[in-house]
Amino acid sequence: MCGTLRASDAGKPAILMGWVNKRRDHGSLLFIDLRDRSGIMQVVVNAERNKAVHEKAETLRNEYVIAAIGTVRLRDANTINPNMPTGEVELVVDDLRILNESKLPPFLPSDTALTNEETRLKYRYIDLRRDVMQFNIETRHKVAKAIRDYLSSQGFFEIETPFMTRSTPEGARDYLVPSRVQTGTFYALPQSPQLFKQILMISGFDRYFQIVRCFRDEDLRADRQPEFTQIDLEMSFPRPENVWEIVEGFLTAAFHAAGYEIKTPFPRMDYDEAIRLFGIDKPDLRLPAFTDARDCFTEQNLQDLAINANLPVLAIRTPKVGELSRKERDDIKPMFHSKGGAKIFEDFKRIANKFPDAAAAITKKCGAEEGDLIVLVAGSAQAGPQTAMPAHRKVTPAELAIYASAGLIRLALAQKYADRHQCFQRGDFRFLWVTNFPMFEWDEGEKQWMAAHHPFTSPHEADMKLLESGVDSVSDPQSTLSAVRALAYDVVLNGTELGSGSIRIHRQDIQRKIFRALGMTDEEAKSRFGFFLEALEYGTPPHGGIALGLDRIVMILAGAESLREVIPFPKTARAVDLMCDAPTPVSDRQLRELGISVKKPS
RNA sequence: GGGGACGUAGUUCAGUUGGUUAGAACGCUGCCCUGUCACGGCAGAGGCCGCGGGUUCGAGUCCCGUCGUCCCCGCCA
């Protein structure tokens with residue numbers, strides 16, 4: 001193939017087939033850069049050697065598909081191109097076949113400037129010819145294969161589950177598929193194979209995995225597509241650590257396949273600790289954690305600054321930002337309004353002038369060095385007493401508000417000064433297990449407790465009493481439900497949630513309590529998950545698992561900014577496929593067969 | 001559902017305070033060229049300035065609307 005020939009191949013006959021990447025016409029001497037999946041090879045056509053072939057070569061244009069038949073030759077020393085792997089050799093052509101012509105594409109795979117994404121997506125087949133995209137897709141293949149091989153070696157079976165299944169109106173919006181045979185009924189495309197994989201455990205396939213497409217009809221983001229691929233696995237009789245070891249194992253294999261070595265085991269951190277140190281449940285460990293600066297101030301200091309002494313005072317350190325101009329310091333202020341309503345912003349310079357002792361203490365406690373940026377986030381004394389005070393969680397809602405906005409500001413600052421702090425280095429992979437998530441989250445809109453992970457997650461053994469006492473107080477924000485921890489865990493890489501899993505409930509009585517705590521009557525639970533609840537009653541083993549986003553893993557490995565760069569045929573922010581122009585209206589006949597009437601777009 | 005950025009040649013972009021015939025680079029077409037690899041030289045073609053209104057003597061430029069792409073919030077168990 002084009003990219004594989006080396007000096008050691010000199011003298012060999014070769015037939016190369018590929019696309020004309022570039023043509024350099026020197027009159028009776030003509031060079032063609034011939035491209036295939038493996039790379040680029042220079043092909044030389046000499047009119048003196050073969051006039052007819054040269055004439056044919058003159059008609060070649062970019063992206064023509066050709067076969068070049070000839071001999072591999074070592075290049076003269078002064079014509080070696082050290083910038084390409086095949087730069088020591090070239091193919092001297094004896095015959096040439098034009099296998100297909102090409103219209104002039106709207107952009108060329110060899111273009112250096114990146115074409116706008118709309119055009120790239122419309123002509124995705126051209127875009128995918130670019131070496132970056134070829135690399136990304138190859139990386140995707142290698143990663144998926146490494147994971148398959150690893151999990152197979154650990155005794156996991158890859159088992160397929162249905163794409164056409166039933167809608168379970170929980171969580172994300174379903175994509176629906178109308179049934180023709182039973183008019184008026186619908187299949188749903190799975191948001192994940194959750195219940196099927198749990199049922200496979202009940203069936204005795206004690207180690208299951210699947211690299212599987214999942215579908216969610218929600219708004220898109222750079223890291224969210226309506227259809228995406230999960231590495232889904234489930235095992236019987238596990239402790240969380242067993243699941244973590246498996247994940248660490250296949251990630252090691254996957255990263256190795258992509259050319260990176262990673263260290264295991266990954267560090268572990270409680271959800272509460274993640275919130276206190278980073279203000280977020282998916283901390284980016286490449287950046288410093290918060291420093292609690294409250295004890296760096298005297299009571300009087302805090303009063304002077306109108307800071308609420310009962311709430312955290314957090315110092316955010318961003319390394320090596322350097323001296324900021326007045327304008328740059330002013331630019332930080334708006335972040336405080338946009339990032340979740342932090343109560344107080346303080347310019348550290350002002351603090352240092354007015355409260356030198358406090359500033360010195362903070363600097364020391366942060367471990368700050370010359371040029372580091374420190375920003376303080378605190379609660380306002382004027383805000384008055386917080387009403388929704390501690391339910392039963394360690395971190396109160398008022399504290400959480402401070403931690404969360406500080407967390408967002410920390411990331412916004414890191415983003416803004418990324419070119420200065422150098423914390424984001426390619427190949428620097430900081431994995432983390434975040435564990436012991438809360439089982440329930442208060443939904444202010446619905447005024448009730450919701451499952452934080454999903455309703456099949458097992459609560460902590462130690463928190464069963466809290467579940468018992470809260471089971472009938474679904475609409476009480478002070479319920480002990482708030483303190484129930486789940487046997488749930490996330491694997492996080494550089495601030496991205498790669499995957500999420502849990503030990504599941506395997507006992508029907510506990511499952512029923514969870515549904516009750518979620519405000520679901522037995523009848524409701526039965527109508528939604530009846531088949532599953534029934535299955536639970538037939539000898540369900542303890543089981544648990546996890547699912548990781550393959551697209552996100554590949555995105556990070558490829559150094560890409562968007563999932564679209566690692567998905568061959570992705571969708572736009574409006575969930576449109578610009579290449580094949582899906583979705584489209586369908587014929588009246590199709591609709592009639594499905595018993596559906598729709599108002600068609602004009 | 002909300003906020004923001006962008007839309008000018010095939011592509012990437014420039015276009016000043018609203019002012020004559022909208023430019024550059026790459027690509028493309030033709031001719032020339034035997035060692036290029038971002039080849040080079042000469043000549044040339046190529047524009048619904050996203051679309052629709054409005055303001056104005058005059059709009060790529062200002063205003064309103066609309067469509068599309070991207071980013072973010074909500075949403076994503």
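Residue numbers begin at 1 in each chain, while the letters A, B, ... track the order of the sequences. We use all heavy atoms of the structure for the numbers below, so side chains are in, but hydrogens, waters and symmetry mates are not.
- Shown here, B:C33 forms no base pair; nothing in the strands shown gives a Watson-Crick or G-U wobble contact with both key distances under 3.5 Å.
- For the P atoms, the distance linking B:G44 with B:U61 amounts to 31 Å, nearest Å.
- Taking atom C1' in both B:G23 and B:U16, one finds a spacing of 14 Å when rounded to whole Å.
- In this structure, A:Glu58 places its CD atom 9 Å from P of B:C31, rounding to the nearest Å.
- Across B:A5 and B:C62, the matching P atoms stand 13 Å from one another, rounded to whole Å.
- Put simply, CG on A:Leu104 is 10 Å from C1' on B:U11, counting in whole angstrom units.
- A close approach under 4.0 Å does occur between a side-chain nitrogen or oxygen of A:Asn116 and OP1 or OP2 of B:U12.
- Separation of the P atoms belonging to B:U20 and B:A59 is 12 Å when rounded to the nearest angstrom.
- Heavy-atom nearest nucleotides on RNA chain B were determined for A:Thr115 and for A:Asn78, and the one closer to the 5' end corresponds to A:Thr115.
- Nucleic acid contact class of A:Leu114 (heavy atoms, under 4.0 Å, all strands): sugar-phosphate only.
- Contacts of A:Glu117 with the nucleic acid, taken as non-hydrogen atoms under 4.0 Å apart, involve only primed sugar atoms and P, OP1 or OP2.
- Shown here, B:A22 forms no base pair; nothing in the strands shown gives a Watson-Crick or G-U wobble contact with both key distances under 3.5 Å.
- No engagement by A:Arg130 is indicated, since no non-hydrogen atom pair under 4.0 Å with the nucleic acid exists.
- Residue-level contact check: A:Ala452 touches the backbone only, with heavy atoms under 4.0 Å from sugar-phosphate atoms and none from bases.
- Counting to the nearest Å, the C1' atom of B:G68 and the CZ atom of A:Arg120 are 17 Å from each other.
- A distance-only check finds a donor-acceptor pair linking the side chain of A:Asn116 to the backbone of A:Thr119 [under 3.5 Å].
- Between A:Tyr403 and A:Phe278, the distance from one ring center to the other does not fall under 6.0 angstrom.
- Side-chain proximity of A:Arg224 to the nucleotides B:C75, B:U29, B:G35 is greatest for B:C75.
- Phosphate proximity of B:G27 to A:Asn62: absent, as no side-chain N or O sits under 4.0 Å from OP1 or OP2.
- A salt bridge does not link A:Lys571 to A:Asp577: none of the charged side-chain nitrogens sits closer than 4.0 Å to a carboxylate oxygen.
- For the pair A:Arg35 and A:Glu63, the salt-bridge criterion is met [side-chain N within less than 4.0 Å of a carboxylate O].
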Criterion side-chain hydrogen bond (donor to acceptor under 3.5 Å, both in side chains) on A:Asp174 and A:Gln191, from CA distance to verdict: CA-CA 7 Å; A:Asp174 286 321; A:Gln191 300 173 26; 2.5 Å; yes

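- A salt bridge links A:Glu565 and A:Arg120; the closest N-O separation between the charged side-chain nitrogens and carboxylate oxygens is under 4.0 Å.
- Rounded to an integer number of Å, the gap from CG of A:Leu408 to P of B:C72 is 13 Å.
- Listed candidates were B:C70, B:G35, B:C28. Nearest to the side chain of A:Glu90 is B:G35.
- The side chain of A:Arg75 lies closest to B:G35, out of B:C76, B:G74, B:G35.
- Across B:C28 and B:G46, the matching C1' atoms stand 9 Å from one another, rounded to whole Å.
- Atom-to-atom, NZ of A:Lys571 to C1' of B:C70 comes out at 18 Å; the value is rounded to the nearest Å.
- When both distances must be under 3.5 Å, the Watson-Crick or G-U wobble mate of B:U66 is B:G50.
- Taking atom CG of residue A:Asp217 and atom P of nucleotide B:C76, one finds them 12 Å apart after rounding to whole Å.
- B:G7 and B:G50 have their P atoms separated by 8 Å, with the value rounded to a whole Å.
- Heavy atoms of A:Gln225 sit nowhere under 4.0 angstrom from any nucleic acid atom.
- Listed by residue number, the members of residues 20-33 of chain A with any heavy atom below 4.0 angstrom from RNA chain B are A:Lys22, A:Arg24, A:Asp25, A:His26, A:Gly27, A:Ser28, A:Leu29, A:Phe31.
- Of the candidate nucleotides B:C71, B:U36, B:U11, B:C71 has the atom lying nearest to any side-chain atom of A:Ser562.
- Contacts of A:Ser110 with the nucleic acid, taken as non-hydrogen atoms under 4.0 Å apart, are absent.
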Full working for side-chain hydrogen bond (donor to acceptor under 3.5 Å, both in side chains) between A:Asp270 and A:Asn436: CA-CA 6 Å; A:Asp270 265 16; A:Asn436 293 324; 2.9 Å; yes

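- The base of B:G30 does not come close enough to the side chain of A:Arg61 for any donor and acceptor atom to sit less than 3.5 Å apart.
- You'll find that the side chain of A:Arg564 is closest to B:C71, out of B:G35, B:C71, B:G74.
- Pairing for B:C75 is absent, judged as Watson-Crick or G-U wobble with the two contacts each under 3.5 Å.
- Considering only side-chain atoms of A:Arg221, the nucleotide from B:U69, B:C72, B:U12 that sits closest is B:C72.
- Residue contacts for A:Asn81: at a heavy-atom cut-off of 4.0 Å it reaches a base atom on one of the strands shown.
- Counting any heavy atom pair closer than 4.0 Å across all strands shown, A:Thr572 reaches sugar-phosphate atoms only and no base atom.
- Ion pairing between a basic and an acidic side chain is recognised when a charged N comes within 4.0 Å of a carboxylate O; A:Asp490 and A:Lys282 show no such pairing.
- The existence of a salt bridge linking A:Lys122 and A:Glu118 is excluded, since no basic side-chain nitrogen approaches an acidic carboxylate oxygen closer than 4.0 Å.
- Using a 4.0 Å cut-off between charged side-chain N and carboxylate O, A:Glu227 and A:Arg216 make no salt bridge.
- Here the nucleotide nearest the side chain of A:Ala222, chosen from B:C72, B:U12, B:C37, is B:C72.
- Here B:C73 presents its C1' atom at 14 Å from CD of A:Glu218, a figure rounded to the nearest Å.
- Searching all strands for a Watson-Crick or G-U wobble partner of B:U56 with both distances below 3.5 Å returns nothing.
- In this entry the distance linking NZ of A:Lys122 with P of B:U11 reads 10 Å, nearest Å.
- Candidate nucleotides B:U12, B:G30, B:C37 were compared by shortest atom distance to the side chain of A:Met84, and B:C37 ranks first.
- Across the C1' atoms, B:U55 and B:U12 are found 33 Å apart, a figure rounded to whole Å.
- Under the 4.0 Å criterion applied to side-chain N and carboxylate O atoms, A:Glu218 and A:Arg173 are assigned as salt-bridge partners.
- Comparing the C1' positions of B:A9 and B:C76 gives a spacing of 41 Å, expressed to the nearest Å.
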